[in-house]
Amino acid sequence: MEISRALRIGMLAVACAASAGVGGAAESAKGGKVSAAFPKGAYAQLNSLPDWGGVWVLARPAAPAAGQPPRERPVFKGEYLARYEAWAAQVKNNNGVVPRETSNCMPPGMPNMLATAQYPIEFLFTPGRVTAHHEAWMQWRSIYTDGRDHPADLEPGIFGHSVGRWEGGTLVVDTIGIKTITELGAGMKHSSKLRITERIQQDAKDADTLRIEVTMEDPDALAQPYHVTHTFKRQRDWSLMEFICAENDRNPVNEAGLSTLK
Amino acid sequence: MSTLLSGLRAAALLALLALPAAAHHSVAGQFDVTRSVKFSGTVSRVDWINPHTYIYVDVTDAEGKVTVWKLESLPVAMMRKAGLSRQDIQGDGKPVEVIANPARNGTAGLGYIVNLRYADGRNFQFGRDPSDKSAATE
């Protein structure tokens, strides 16, 4: 009896310490500041955010108008240029079939998840945070809008760490800490120093059009910042579907990195 | 279903194929998009899933032997965008004429759907038949 009572007290003490460590369980909107960890009391403020409801489907980029420059291409440098050119040569010499580094079930992560057509995305607003769900590979990412910085001890991931702020109806996002396994585009590798800035906003004249203006900077891989804009069209009444790649991996990649048919 | 509606759907589907995709796999890498195979059968199964819908078509030869063709097609969201439901693809057990790009490595019974024409006249065009030399430029 004595031992179990001590255990119960011990567990309670641990639980209290855990919550006290983040400022106390009973406190909401810590210090008056909205935080993703303390959302209570801040839900009404979400109503002042723009209406990004429904799901958004990537639209085909329009060809540049006559007289306008062609779509921007990234300008690689150093070993990253060499790697890209080697990849392009492989594509040319093998009818477009190039060995893969990862399985076909590996999600693209940042930034290519922004360019994945055919599977819609949706944005969820909660206090201090915007969460984007991408149907493709069921990817999701968190964009923290509660004023926090990137952590000093950031563990890289395929989505990186994103912080954002609202400028009127525009969400401005800064992402770092992206694993080098991801690509900027097909065959385009980046370094661990990649930094991605996004400006996400509805079209001024058409609320059912959303644009994400992406700027990619990489002091090791890119000779200059690389800009891409993705345009999405709203579907109000759709919802996202499952995408369980492992359940439907009909194109397993063999040891040579080549996709096979099952 | 009127042929006009089929025509509208055809246009919508063709437009979808032109979308850029960070491909989880390459259609052209696995299927020979320069060739097509044609056959008739009945739809025995529809996998209405991501990343791609799959349609299984039972083809019976003159001796009564049944081969099951497994055919890949668009993601569900794109079928929906074109106004197609699982029921539309399932058909009703009546014959369907299939045009498909065959597997690049020669694997039998695998293809990527180019066209489906159902016995009731509904025609869904997902791409251009590479063997159709009479296709007008658009």
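By convention in this document, chain letters (A, B, ...) are assigned in the order of the sequence lines, proteins followed by strands, and residues within each chain are numbered from 1.
The environment of NZ in A/K179 is sparse: at most 12 heavy-atom neighbours from other residues, nucleotides or ligands sit within 6.0 Å. Within a 6.0 Å radius of CZ in A/R211, more than 12 heavy atoms belonging to other residues, nucleotides or ligands are found. Within a 6.0 Å radius of NZ in A/K193, other residues, nucleotides and ligands contribute 12 heavy atoms or fewer. Around the CD atom of A/E242, the shell of radius 6.0 Å holds no more than 12 heavy atoms that belong to other residues, nucleotides or ligands.
When atom types are taken as modelled, the side chain of A/Y119 and the backbone of B/N50 share no donor-acceptor pair closer than 3.5 angstrom.
At a 4.5 Å heavy-atom cutoff, the contact between B/L110 and chain A is made by side-chain atoms alone.
You'll find the side chain of B/K81 reaches within 4.5 Å of the side chain of A/V57, heavy atoms only.
Atom NE2 in B/H52 sits 7.0 Å away from atom CD in A/Q118 (nearest 0.5 Å).
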